[in-house]
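In what follows, a single structure is set out as C-alpha cells and then discussed.
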Amino acid sequence: MRVLVVNAGSSSLKLQVVEDGERLSGTTVEDWAGSGHLDPVEAFLAEAGSLDAVGHRVVHGGATYHHAARVDDELLDYLDATIDLAPLHNPRSVAGIREVARLLPDLPAVACFDTAFHADLPPAARTYALPREWNRRWALRRYGFHGLSHAYAVRRGAEMAGVPVAGTRMVTAHLGAGASLAAIRDGRSVDTTMGFTPLAGLVMATRSGSLDPGLVMWLVQHAGLAPDELNGALEQRSGLVGLTGSGDLRDVLAARAAGDPDAALGFAVFVHRLVREAGAMAASAGGLDVLVLTGGVGEHAPAVRAALGDGLAHLGVAVDGPRNEAARGDADITAPGARVRTVVVTAGEDLEIARLTVSTLASR
C-alpha cells in the first residue's frame with residue numbers, strides 16, 4: 001500500500017510517500033500557511049504517482065483517541081473542540097487533514113496521534129496528585145508526546161541491538177527542538193517526561209521544561225506577568241534560547257568552545273536535566289538494557305551523546321568515542337564491554353504513521 005504521510009508542524013508541512021516501509025519521495029513546505037495553501041501540495045502530488053491512503057500526524061488525541069483512527073466528521077469535530085490542548089499543533093493538523101482531503105477526496109485517511117503511544121501509562125505514572133474531582137472533570141493526566149517517534153525507536157532500536165522487544169528494558173530519547181524521554185518495558189511506554197502539555201520534562205530549544213509550579217504562581221502574583229505573556233515566555237523564550245540567546249544546539253556548542261560562559265552554563269543545564277530524567281526513566285523501566293537516541297540532536301550531536309553516556313555510567317552505559325564521532329544515520333555507539341547497548345536511530349515518525357495507517361485500515 002502506498003501511503004501519503006502528512007506531518008503539519010507549527011510552521012511547515014512535511015509530505016512523504018511510503019510503501020512497504022520504504023520512503024519513495026518527500027518534500028518539506030516551509031512557511032506553510034495552512035488552510036487555502038494548496039499550490040505546493042498539488043505540485044508534490046502531481047509527481048507522487050498513485051496513492052492508496054493518507055496518514056496524518058496529530059499531536060494530541062486528548063482523552064478520547066488512544067489509537068490511530070480513520071478520519072471522519074466525528075473525529076474532526078472532536079479535534080476542533082479540543083484545540084486548546086495543543087494550540088500550536090492541532091489546528092495545523094486539522095488544516096492539513098482538510099486541505100489534503102480537498103485534493104484527494106476518494107482516499108481513506110487515518111489520524112495517528114503522538115499521545116496514543118503513552119495512552120496506557122500505568123495509573124501511578126499518569127495521575128497527577130491534584131484534587132481527584134479536577135482530574136475527572138478536566139481529564140487531567142500525563143499524556144506524553146513524541147509517541148510516533150518513540151514507537152519507531154523502540155522497534156528499530158531493539159532490532160539494531162539484536163534483542164527482542166519483549167523482556168527488554170529501554171529508554172528512548174527523542175532529542176530535537178522539542179525533546180522527551182520514554183521508559184519502555186516489553187515495548188510499551190510505562191513513563192515519559194512530558195506531561196499534560198509538551199512543556200514538561202527536559203530543557204528544550206525554546207521551552208523551559210519542568211518548573212516548580214510555585215515559581216510560576218509567584219511570577220503571576222508578584223511579578224505581575226499575565227498568563228499569555230508567561231505562556232509565551234515558557235514556550236518560546238526559555239530553554240536554550242533563554243539561557244544562551246540561541247535555541248540551536250550547534251550555536252551553543254560553538255559559543256561554548258569559544259569560551260562563552262552563558263553557553264557553557266546552558267549546555268550544562270541541558271545535560272544535567274537530560275541525565276537526571278534518563279536516570280528516572282531507567283528506574284521506571286525497572287533497569288536499562290538498551291538506550292536509544294533519535295531526533296535532530298540525538299542523531300547529530302556527539303557531544304550530547306557522550307555527555308549522556310558519561311552521566312549514566314553507573315547504570316552500565318558507555319559510549320565508544322570514535323564510533324560516536326563517526327556515527328551517521330543508524331549506528332551502534334556502544335563501547336566494548338558495556339552492559340547497556342547504546343544505539344542511534346534515524347527518526348522514523350513517517351514510517352510509523354504509514355505502518356499505523358495500513359494496520360488501521362486493514363482492521364476495518
Side-chain angles (χ1 to χ4, degrees), residues 10 59-60 62 84-90 114-115 118 121 124-131 134-135 138-147 150 171 173-183 189 191-249 252 261-284 295 297-298 304 307-308 311:
S10 58
V59 166
H60 211 311
D84 57 334
L85 290 175
L88 296 180
H89 292 91
N90 270 23
D114 262 318
T115 50
H118 308 292
L121 286 176
R126 69 175 184 250
T127 303
Y128 287 117
L130 293 169
W134 290 11
N135 287 340
W138 293 304
L140 305 180
R141 55 158 287 174
R142 183 179 298 279
Y143 283 102
F145 299 90
H146 297 132
H150 285 295
V171 171
H174 176 95
L175 305 179
S180 67
L181 308 177
S189 174
D191 204 354
T192 189
T193 53
M194 284 183 168
F196 182 71
T197 76
L199 263 177
L202 303 174
V203 172
M204 299 171 239
T206 65
R207 298 176 194 153
S208 63
S210 294
L211 294 171
D212 176 356
L215 181 153
V216 177
M217 292 304 302
W218 188 92
L219 289 171
V220 172
Q221 295 173 340
H222 299 284
L225 294 185
D228 286 348
E229 180 184 3
L230 183 57
N231 184 66
L234 297 180
E235 286 274 8
Q236 301 293 337
R237 303 197 304 278
S238 298
L240 286 175
V241 75
L243 293 172
T244 73
S246 175
D248 190 323
L249 185 65
V252 175
D262 289 336
L265 176 61
F267 183 75
V269 171
F270 177 88
V271 168
H272 172 78
R273 182 73 63 83
L274 177 60
V275 170
R276 189 183 76 177
E277 296 293 338
M281 291 299 104
S284 290
V297 172
V304 170
L308 180 58

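Throughout, residue positions are numbered sequentially from 1 according to the sequence presented. Keep in mind that the numbers below use all heavy atoms, side chains included, and drop hydrogens, waters and symmetry copies. Note that the structure is predicted; figures quoted are calculated from it, not measured.
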Would you compute the distance between atom [atom1] of [X] and atom [atom2] of [Y] and round it to the nearest 0.5 angstrom?
X    : Y    : atom1 : atom2 : result
F196 : R142 : CZ    : CZ    : 12.0 Å
D248 : T206 : CG    : OG1   : 12.0 Å
Y143 : T192 : OH    : OG1   : 14.5 Å
L175 : L308 : CG    : CG    : 7.5 Å

Please name the pair of heavy atoms, one in [X] and one in [Y], separated by the smallest distance, quoted to 0.1 Å.
X    : Y    : result
F267 : L249 : CD1-CD1, 4.1 Å
G247 : A205 : O-CB, 3.3 Å
A278 : L181 : N-CD1, 3.3 Å
S246 : V252 : O-CG2, 3.6 Å
D191 : S284 : OD2-OG, 2.7 Å
S208 : L211 : OG-CD1, 3.7 Å

Got a donor-acceptor contact below 3.5 angstrom from the [X] side chain to the [Y] backbone?
X    : Y    : answer
D114 : G147 : yes
N135 : Y128 : yes
S180 : T193 : no
R126 : L121 : yes

Stepwise side-chain contact (heavy atoms from CB on, under 4.5 Å) check, M194 with M204 = CA-CA 11 Å; M194 284 183 168; M204 299 171 239; 3.7 Å; yes
D212 atom CG, neighbour heavy-atom count above 12 within 6.0 Å | yes
For atom CH2 of W138, decide whether the heavy atoms of other residues, nucleotides or ligands shown that lie under 6.0 angstrom number more than 12.
-> yes
Under the ring pair (Phe, Tyr, Trp, His ring centres under 6.0 Å) test, which residues partner H118, sequence neighbours left out?
-> H150
Residues which pass side-chain contact (heavy atoms from CB on, under 4.5 Å) with R273, listed by chain and number, not counting sequence neighbours = L202, V203, S210, R276, E277
Can you give the donor-acceptor pairs under 3.5 Å from side chains of residues 235-242 to other protein atoms, not counting sequence neighbours?
residue: E235; atom: OE1; partner: R207; partner atom: NE; Å: 3.4
residue: S238; atom: OG; partner: A233; partner atom: O; Å: 2.7

